[in-house]
Amino acid sequence: MNEESLVDLIGPQAEDPNRLIAQRHAKLARLRAQGPAFPNDFRRDALAGELHNRYDTLEKDVLERRAIPVRLAGRLMSRRIMGKASFAHLQDMSGRIQIFVQREGIGEEAYEFFKRELDLGDILGVSGRLFKTKTGELSVRCEQVRLLVKSLRPLPEKFHGLADTETCYRQRYLDLIVNPETRALFQMRSAIVRFVRQYLDARGYLEVETPMMQAIPGGAVARPFITHHNALDMPLFLRIAPELYLKRLVVGGFEKVYELNRNFRNEGLSTRHNPEFTMLEFYEAYADYQDLMDMTEDLLRQLALAVLGTTQISYQGQTYDLARPFARLSVREALVRFNPQLDSDDLDKPEQLRAFLERCGIKTQGDWGIGKLQYELFEQTVEERLLEPTFVTAYPTEVSPLARRNDQDPQVTDRFELFIGGREIANGFSELNDPEDQAERFRAQAAAKAAGDPEAMYYDADYIRALEYGLPPTAGEGIGIDRLVMLFTDSPSIRDVLLFPHLRPESKPSG
RNA sequence: GCGCCCUUAGCUCAGUAGGUAGAGCAUCUGACUUUUAAUCAGGUGGUCGCUGGUUCGAGUCCAGCAGGGCGCACCA
């Protein structure tokens, strides 16, 4: 092409510093000159993946005889031009299929257009008939090829794909176009979420939606995001958990409820933390934490079978078999087992326990009670070593402000956490439904907040009022969906399982 | 917030000892009617993240900044 006509056609865009983009702008300008450049009148009647499923096994000559007509649309992902015939691959939501374009088949003018004006990344609509090449690949012998959308930016390389992690996160659409593993991962995520919903629905649970914007953030120990409602001129908090609302619904008579949606916590980012993340919480009346452990074990087993086809899951080089019964042990047992130097009697002696923590290099605070000390020691010395699926039970009441006290030992709660691969996957407990006990624990939390702990809970008077009407004996549980997906997709970072993970803003979009 | 590492063509990556920028793919020109990382011949393409410093000379050495990755801390 000559440079004069290029500037005439498209003006300043011809000066795009990127020559590849400028060339495509020029092609689009020529297209505009001939009519609507972004048509929306092409209709397809087939998908690449479905055609493979149906016809890959059909004999070459049978396929040739039947001459099955198809209309397909998709993105041009590869192209091999050999004189008067060309092969290319179209990619749609279901996969890829090869198209065969001949001058003989679509006419001289259309073939020249195909050779001259199309680029990788363009979106095409084609019609033709199915056939198999001499190497046996199911393909479409095109009778028509239409350009539906001109792609103005070149795609990443066809062979290596897109490898730059930052670009994958910032421009996930590109990652999805060129990296089939990324597509597969997010399809897997969707399958996991779908299965979880079906599992709970089949057991009579009601899916509900409770407020994401709360006047009093509750249900977890974490810092909230704060926003402001203009008309009401009041602060609102993005929820850190739906827990207190879900239990209000159990008070209201929805005896099995769940919510699977986003929580927001104003804390650091890491390979395991994103400011917004997806949590499943479910509550069942007339059940206890033991019932939930059994159910969780079954859920994960069924889930693995459904989405992976096996109970064996591989995570970062380790294999775990979910078919084997999950280990169960108490916080106390775990502390003793993983801290052989620890005298188990010292677990109940604040001074000795604090000294032990300090010897382990764990910084303690003066207002920590025995429960907090035990919990910190557990987090620092046990959690990451719980590789095989393990339920840990009997968490200290001091660190479990919403959980029911154990009848034999009120210093601990009827609570469990599930660990797999050293990561917390689930947290559940028999719910505290004694309104007076709950009010007392809220007061302790509110005191801690007043004393400067930004993560301590607020006193939620309406929640206490709800409990005063009577919360049935109930068990509830939260499962971090992102971490579950990480586990099931062998992903080392939470960003790999979030379509659009949180990143600092780009200084200026480029490329 | 702290520590370590990374940033070179549209993409994937090289870049020696400080001496003025390379490959493959993509793109452009030409050849080619069953290719599939098509092939063959020829060409274009760079603010080496940004700013400053050292030096006769910096992609390379130093400092600051930005973005990213990993770890720590906080947390799920």
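Each chain gets a letter, A, B and so on, in the order the sequences are listed, and its residues count up from 1.
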**Q.** Base of B:U7 paired with side chain of A:Glu166 (donor-acceptor, under 3.5 Å)
**A.** no

Closest of B:G24, B:U34, B:A76 to the A:Arg141 side chain is B:U34

Checklist entry - Which is true for A:Gln102 with a 4.0 Å heavy-atom rule: it touches a base, it touches only sugar-phosphate, or it touches nothing? => result base

| Under 4.0 Å between a side-chain N or O of A:Arg19 and OP1 or OP2 of B:G46? | no

Query raised in the report: Below 4.0 angstrom from OP1 or OP2 of B:G71, is there any side-chain N or O of A:Thr271?
Result: yes

Which is true for A:Ala222 with a 4.0 Å heavy-atom rule: it touches a base, it touches only sugar-phosphate, or it touches nothing? nothing

So what does A:Val221 touch, heavy atoms closer than 4.0 Å: a base, only the sugar-phosphate, or nothing?
sugar-phosphate

Within the structure shown, what part of the strands sits under 4.0 Å from A:Gly268 by heavy-atom distance: base, sugar-phosphate, or nothing?
base

Margin query: Tell me whether the side-chain N/O atoms of A:Lys27 come closer than 4.0 Å to OP1 or OP2 in B:C28.
Written below: yes

By nearest-nucleotide position on RNA chain B, the 5'-leaning member of A:His89 and A:Arg170 is A:His89

- Task: Decide, applying a 5.5 Å centre-distance limit and a 30° plane-angle limit (both strict), whether A:Phe87 stacks on B:A38.
- Result: no

Answer yes or no on whether A:Arg141 is positioned over the face of A:Phe131, meaning its NZ or CZ is under 6.0 Å from the six-membered ring centre and within 45° of the axis. yes

Worksheet item: So what does A:Asp482 touch, heavy atoms closer than 4.0 Å: a base, only the sugar-phosphate, or nothing?
Response: nothing

Output for pair (A:Leu300 CG, A:Ile425 CD1), nearest 0.5 Å, gives 8.0 Å

Original post:
When all nucleic acid strands are considered with a 4.0 Å heavy-atom cut-off, which category describes A:Arg423: base, sugar-phosphate, or nothing?
Top reply: nothing

* Asked: Looking only at side-chain N and O atoms, does A:Arg116 come under 4.0 Å of OP1 or OP2 in B:G30?
  -> yes

*Heavy atoms under 4.0 Å, any strand shown: does A:Asn274 hit a base, just sugar-phosphate, or nothing?*
base

Of A:Ser78 and A:Ser270, the one whose closest nucleotide on RNA chain B sits nearer the 5' end is A:Ser78

>> For a quick check of understanding: with a heavy-atom distance under 4.0 Å over all strands, which category does A:Arg272 fall into, base, sugar-phosphate or nothing?
In response: base

- [ ] State whether the side chain of A:Lys449 and the backbone N or O of A:Ala456 hold a donor-acceptor pair below 3.5 Å, judged by distance alone.
- [x] yes

Looking only at atom P, what distance separates B:C48 and B:U7, rounded to whole Å?
14 Å

Exercise. May I ask you to say whether A:Glu376 pairs ionically with A:Lys363, meaning some side-chain N is under 4.0 Å from a carboxylate O?
Key: no

Is the phosphate of B:A38 approached by A:Arg80 (side-chain N or O, under 4.0 Å from OP1 or OP2)? yes

### Query
In terms of heavy-atom contacts, does CZ of A:Arg54 have more than 12 from other residues, nucleotides or ligands at under 6.0 Å?
no

Base, sugar-phosphate, or nothing for A:Leu20, non-hydrogen atoms under 4.0 angstrom? base

